[in-house]
Every structure is written in structure tokens, then in C-alpha cells.
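Taking it in order: structure first as C-alpha cells, then the write-up.
In what follows, chains carry the letters A, B, and so on, assigned in the order in which the sequence lines appear, proteins first and then strands, with residues in each chain numbered from 1.
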Amino acid sequence: MSDLKSVLGEAVEAAFAAIGAPPELGRVTPSDRPDLADFQSNGALAAAKRLGKNPREIATAVAAQLAGDPRLASVEIAGPGFINLKLGDAALSDRSNVIAADPRAGAETVAHARKVIVDYGGPNVAKPMHVGHLRASIIGESIKRLYRFRGDEVIGDAHFGDWGYQMGLLIGAVMDENPEIRAFVEVLNELPEPLGDTEFFLADDPRATVFDTVSLADLDRLYPEAAAKGKSDTDYRDRARKITAALQTKQPGYYALWQRFRDVTRVALERDFHALGVDFDWWKGESDVEHLITPMVAELDAKGLLVDDQGARIIRVAKEGDKRELPPLLVVSSEGSAMYGTTDLATILDRKQAFGPDLVIYCVDQRQADHFEIVFRAAYQAGYAAEGQLEHIGFGTMNGTDGKPFKTREGGVLKLNDMIEMTRTKARERLHEAGLGEDLTPGEFEDIAGKVAVAALKFADLQNFRGTSYVFDLDRFTSFEGKTGPYLLYQAVRVKSLLRRASDEGAQAGPVTVSEPAERDLVLTLDAFDAALTEAYDKKAPNALAEHAYRLSQAFSKFYAACPIMQSEPATKASRLTLAATTLRQLELALDLLGISTPERM
RNA sequence: GCGCCCGUAGCUCAACCGGAUAGAGCAUCCGCCUUCUAAGCGGACGGUUGCAGGUUCGAGUCCUGCCGGGCGCGCCA
């Protein structure tokens, strides 16, 4: 660690050690009182308790140790025993030159890289994505990027919901609607052997083209109807279950039709996710672990983990010291089928075999906390993962302005695409109002509107701590003022414009010399990047990074208002151009880790 | 009933192993564009951190109880 906080921390820790106090108490933090100091150490207060001495006495002794440090402009004792540190301009200048020369803008990497899987997004076949998928995607994408940036080997897995009862429902519904499809499915189903890959039959059979007529719109339309009918109509439900069971044995007709569902859905989903700046490394589906379930159940049985209970086969996961009795993991239902948790367990096994992760992060709604606790305990018992390698990162729900889960005006669930389009529309309106974009090509204008919309959506989400629910107010975040994504983009674009102008005029960047208060603040903020990253990484909390990006933008904006650049003396101009360029690099890095990309102009 | 999470300014949210005067944005009010993008900058106003106890030199943060809200609790995923 070479940021000022760490470097000063080492100096203060040494001073603590020199006076016989526990060195770890010398920890340094950014000052709570910027009017008094840049950094502070509260360690004298804690040391006083341990050593039985007056805290101010200890602080004074520590300050005496630090007195000669050339980096410090002042060391003062305040209040009950706070040690206030103020840096000299030279130390700040040195630090900013180091950050300026660093392609990572002051960000460190982890000492020991791990293999990490981030499980997020969770789209399903046939069910259109709704606002609930937004948080999983936004937060998961940010965590994936953050971990990768810190040096871990990371895989983002969409964990595609492509298997189960809803597939049986949908197959039945499509066959009901289209007799040609029904006929061909039945022909295929009569084939002698259930084969996994039906491509062989479909390749040169002209009748197979009927499958191509099934569109995502058809699935979107048919699924809600079928789901509703399945709830009220027993016969309909039974048929769907039979089809589901047959699909799971890969009966060729059903399997071929299912493949069409899966493919047509995935293409659309990938396009939608990409527009949001969300891209997965793996699109492993529940179907991909289906073949592991039977042997896994046998193995669990052999290990003595399975217990018969009320006709089902379960794994008990309750532990000594639990505050309540956690329900068991239901592995095989009384009807003999695999359950939600069974698939999750098989997925853990599959990931262990395919990648051997040190850590799997599940970025899923907080309401599933119990479910994951149960699955994880079962996985630990089975030896599919080591204790602590599986972690559920829950997030709160996105609510409407009434405080209840977000709904459309008509009371339905808002589709994700509709929400994104609404936001883009607002972004276009706002750009027009501001008189921007008139000299742009339509393509460029659309690109900017898209980036503004994504920034607005993502920053509105990521500035909140993930664990709490938050109110999503379209009118509020589309106002594009204050602490918003578009504000951050605006600051980045302003720097780009400045640097373009400097380039046109042939102005060169040069070494940084800090003197103005706004410059000091900007450098101190630049220096805090690594601490923000560390916090976001350790707590799996991108809001720490979002906060840093905002503070950096604000610090730059103040600097920009207070310190003329192009009109200043050559050395000052060179110094300030370096500060501007460094700010831009760090801001774009931070925004990229939030999944937000910046346009060249706006 | 049991369990988990939450309660901070009019609104939406922050707050670094417990630390000084609890911070931002929005809203309201007052200033700043003949000079680098005003989607900006400066300033003002706004708080018994749900309530009551406890631990501590020090509590929004830890402990206990209560009030209020959200969510979960084996054969859906």
C-alpha cells in the first residue's frame, strides 16, 4: 500500500511502538475535521485505556516522535487526544505525480489472487426480465468487475433458469396453439432412443423449420396464460408435469422444442444485458447440471447424508447453537423429482469440477437468504465446498414511490426493457432541453442518450448500500441534477473537452505542484481511491466506490471552478493539465467498475 | 408463533475495527456565465439518529426491552 493513509499509518505506528504503545493503534484515517487536518489517528484514546495513562500525554509523546517528518506540515493534539496530521504541499505533489504516472491511478492489487465465480442476473427462459432483475445484474456486474480489477480470476455466470416445470407448461402451450409443431414434436417423440442432441434429426428435415417460427414474443405471451391455467386446472398441471418429466429424460420432440425456446431467449437476453453494460462469461443453465443429479443423489446417499422424511429425501442442516430450526434441504421430493435446492447443489458440484473456485458469490435477492444458508450447509457437509467459500450477497427490493415493490401504473410488473426505454426517452428529452447534441449525428446522439440512461439507472442503484431496499423514483433520477450518473458523465466529458482543447493548442502536461486549497482537496481525493476500492471489495459493497466517484467528480468540479487552467502560467498550466488527466483516468476506471461507460462529448 | 433485515433532515440516501460539530443530493431561499461545457460553483435553511434503559472517558454504531415497517419459514423457482 502506498497511499497516504497507509504511509502515514506506518509512521504513526512506528511512533506508537517507540513510546511503548501497541503499534496497531496507530491506524490513520481521513480527518473528520477537514478544517483542522488531512488525516487523524485516534489511537492515543485506546492506548490510554490499555496503558492506564492520560490520552493527551500519549498523543503528545507520539507527536514528538513525528515532529521531524518532512512530509508533515503540522502535527497537533486536539480534543481528548486526537492526533491531527496535515501534509505539506510537497508530499501531496509527490503523491499526485505517482498517481499520474500509474495506469491504475493509484489502485493496488490483492496480495493473493483467488478464483472467484460471481453468480448473478438469474434470467429465465420465457419469463421476461422485470425490474427485480435490474439490481441483480447491476450489482453483480459491478462486483465481478471490481474483483477482476483487484487481480482475482473471475467468472461471471448468468445462472440461466432454463429447466423445470415452467418448461413443461410452455411446451404444452405452444403445442396447443400450433398443430404443425404438435405434429412434428410427436413424430420426434416416437424416435426409438431418447437422444440428447436432436440436431441430428433436425438438420435435414424440412419439417423442423416450424420450430423457427416460435418467437420470444410468443413465449412472453403464452407463459403467463399457461402459468395461470396450471394453477387452476388440475389436468392441465398434470400434463405439464408429465411433459416436464419427459423433457428431463430428453425425449427428442420435447427436447428439440425446448432447445428452440432456450436459444431464442438467450439471444434476446444477451442483447438486452449488453445494452445495459452487463456481459457474462458463462451462460450455464440449470439444464447443464441435470446429468449430475442422479449420481450426486447416489453419492449423498452413500455418504449417509440423505434421510427419508415424509416420503421425501432430505439433508438435515440444523446446527448446535442455531437460534431456530432451519428447515432441511429437500433433495428428492415425495414424487421423486429434484428440487430447486438440488439443482443449486449440483451447480456447486459442477463449478468445483469445472473451475475449482476459492469463492462463489451469489448476488441474489435478500429474501433467499435462508435458502442459500441451507444449500451452503448441505454443500459443506457433502464436501463440495470448504466452509466459507460460498457467500450469498443479498440485496433489498426496488420499491416504487409508495414504498411497495415497483409496479406499473396498471399494477403489473414492469418489464426491464420498458424501464430502460423509459429512461432513454427521458435522456433524449433532457439532452434536447439542454440544447445539446444538435451538432451530432443521429447515431452519436443515440449512443449518448443510451449512456446517459444507463449511467442514471446504475448510479441511482449503486449509490445505495446493496442490503437495503430503496425507492426507485423515475422522475427523480431523470432530473439529472446533483448526485446522479449523468452528473458524473458530465464531469468526465468536461475534462475530455478541456484536454482536447489543450491538445489543439499544443499545451503540454507536466509535473504537479500543489498549492491551492482546491488542488489539495483534489489530490487527497485521488489518493483515497485505493481505500474506496478496498472497502468495496471487502464488503462486496459497490456503493463505497460510487461514493468515491461522486466525491472525485465534486472535487474536480470545485477545482475547475476555482483554478483556471488554460489561461495560467506555463508551469501551472502543465501541472493542472496533469491533475485533470489523472482525474479523468481515475474517474473512468471507477465508472467502468460500476459498469458505466462515458461518451466523448455530450 | 419463530427467525432475519430495516427505522437517521420535509423527501431519497450515506456515515471507514465505537471518536471531535452525524454528512450528501433533492426541495426552499440568496448569490455567480463578455474567459476552459451553468447537467456547474458558492452560501443559507433544515436533526432528541423510532422510544426507554444499559455498557463505555466517548454510542447512529455494541447489549436488553418495547413500538413501527419489510421479508422468510420442505415437496414452486
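Evaluation of the salt bridge (Lys or Arg N to Asp or Glu O under 4.0 Å) rule for A:Arg466 yields no partner, not counting sequence neighbours. With sequence neighbours left out, the side-chain contact (heavy atoms from CB on, under 4.5 Å) criterion links A:Arg237 to A:Tyr165, A:Thr234, A:Arg241. For A:Glu290, the side-chain contact (heavy atoms from CB on, under 4.5 Å) partners at least two apart in sequence or on another chain are A:Trp163, A:Gln248, A:Ile293. For A:Tyr550, the ring-ring contact (aromatic ring centres under 6.0 Å, His included) partners are A:Tyr487, not counting sequence neighbours.
If you check every strand for non-hydrogen atoms under 4.0 Å, A:Met339 touches sugar and phosphate atoms only. Note on A:Asn84: a base of the nucleic acid sits closer than 4.0 angstrom, heavy atoms only.
For B:rC17, the base has no donor-acceptor partner in the side chain of A:Asn42 [N/O atoms by modelled type, under 3.5 angstrom]. Checked by distance alone, A:Thr29 brings no side-chain donor or acceptor within 3.5 Å of a matching partner on the base of B:rC16. A donor N or O paired with an acceptor N or O is not found under 3.5 Å between the base of B:rA77 and the side-chain atoms of A:Asp344.
Side-chain proximity of A:Arg494 to the nucleotides B:rG40, B:rC41, B:rG72 is greatest for B:rG40. Nearest to the side-chain atoms of A:Glu547 among the listed nucleotides B:rA14, B:rC36, B:rC75 stands B:rA14. Relative to the side chain of A:Tyr550, the nucleotides B:rG19, B:rA39, B:rA24 differ in distance, and B:rA24 lies closest. When distances run from any side-chain atom of A:Arg601 to the nucleotides B:rG74, B:rA77, B:rU37, the shortest one goes to B:rU37. Side-chain proximity of A:Ala561 to B:rC36, B:rG74, B:rC41: nearest is B:rC41. If you check B:rC2, B:rU37, B:rC76 against the side chain of A:Ser497, the one that comes closest is B:rU37. The listed nucleotides are B:rA14, B:rC75, B:rA27; the one nearest the side chain of A:Asn543 is B:rA14. Side chain of A:Asp32, nearest nucleotide from B:rU37, B:rC16, B:rC6: B:rC16. With B:rC75, B:rC13, B:rA38 as the candidates, the nucleotide lying closest to the side chain of A:Asn464 is B:rC13.
Taking side-chain N and O atoms only, A:Lys483 has no distance below 4.0 Å to OP1 or OP2 of B:rC26. One finds a side-chain N or O of A:Thr468 lying less than 4.0 angstrom from the OP1 or OP2 phosphate oxygen of B:rA14. In this structure, A:Ser557 does not reach the B:rG40 phosphate: none of its side-chain N or O atoms is under 4.0 Å from OP1 or OP2. The side chain of A:Gln554 contributes an N or O atom lying less than 4.0 Å from OP1 or OP2 of B:rG25. The side chain of A:Tyr470 contributes no N or O atom lying less than 4.0 Å from OP1 or OP2 of B:rG70.
Syn is the conformation of B:rG74, whose glycosidic angle sits no further than 90° from 0. Using a 90° window around 0 for the glycosidic torsion, B:rC33 falls inside it and is classed as syn.
Here A:Lys483 pairs with A:Glu547 in a salt bridge; the nearest charged N to carboxylate O distance falls below 4.0 Å.
With C1' as the reference atom, B:rC5 and B:rC11 are 23 Å apart, rounded to whole Å. Going from the P atom of B:rG60 to that of B:rC75 covers 44 Å, rounded to whole Å.
Judged by closest nucleotide on RNA chain B, A:Gln40 is the one of A:Tyr165 and A:Gln40 placed further toward the 5' end. The nearest heavy atom of RNA chain B to A:Phe480 and to A:Tyr560 marks one nucleotide each, and the one closer to the 5' end goes with A:Tyr560.
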Pairs of donor and acceptor atoms involving the side chains of residues 337-345 of chain A, under 3.5 Å and at least two apart or interchain, shall be tabulated with distances.
from	atom 1	to	atom 2	distance (Å)
A:Ser337	OG	A:Ser333	OG	3.2
A:Tyr340	OH	A:Gln368	OE1	2.6
A:Thr342	OG1	A:Leu330	O	3.4
A:Thr342	OG1	A:Val331	O	2.6
A:Thr342	OG1	A:Met339	N	3.0
A:Thr342	OG1	A:Met339	O	3.3
A:Thr343	OG1	A:Met339	O	3.3
A:Asp344	OD2	A:His371	NE2	2.7

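Remark: ring of A:Phe82 overlaps the six-membered base ring of B:rA20 in a stacked fashion, centroids less than 5.5 Å apart, planes less than 30° apart.
In RNA chain B, the stems built from three or more successive Watson-Crick or G-U pairs (distances below 3.5 Å) are B:1-7 with B:67-73, B:10-13 with B:23-26, B:28-32 with B:40-44, B:50-54 with B:62-66.
Regarding A:Phe465, its CZ atom lies at a distance of 16 Å from the C1' atom of B:rG60, rounded to whole Å. If you measure from atom NE2 of A:His371 to atom C1' of B:rA77, you get 8 Å, rounded to the nearest angstrom.
A tilted orientation is assigned to the rings of A:Phe556 and A:Tyr560, their planes being inclined by 30° to 60°.
Of the candidates A:Asp521, A:Thr583, A:Ile565, A:Ile565 is the only one forming a side chain to side chain contact (heavy atoms under 4.5 Å, CB included) with A:Phe559.
At least one cation-pi condition fails for A:Arg430 and A:Phe480: the charged atom is not both under 6.0 angstrom from the six-membered ring centre and inside a 45 degree cone around its axis.
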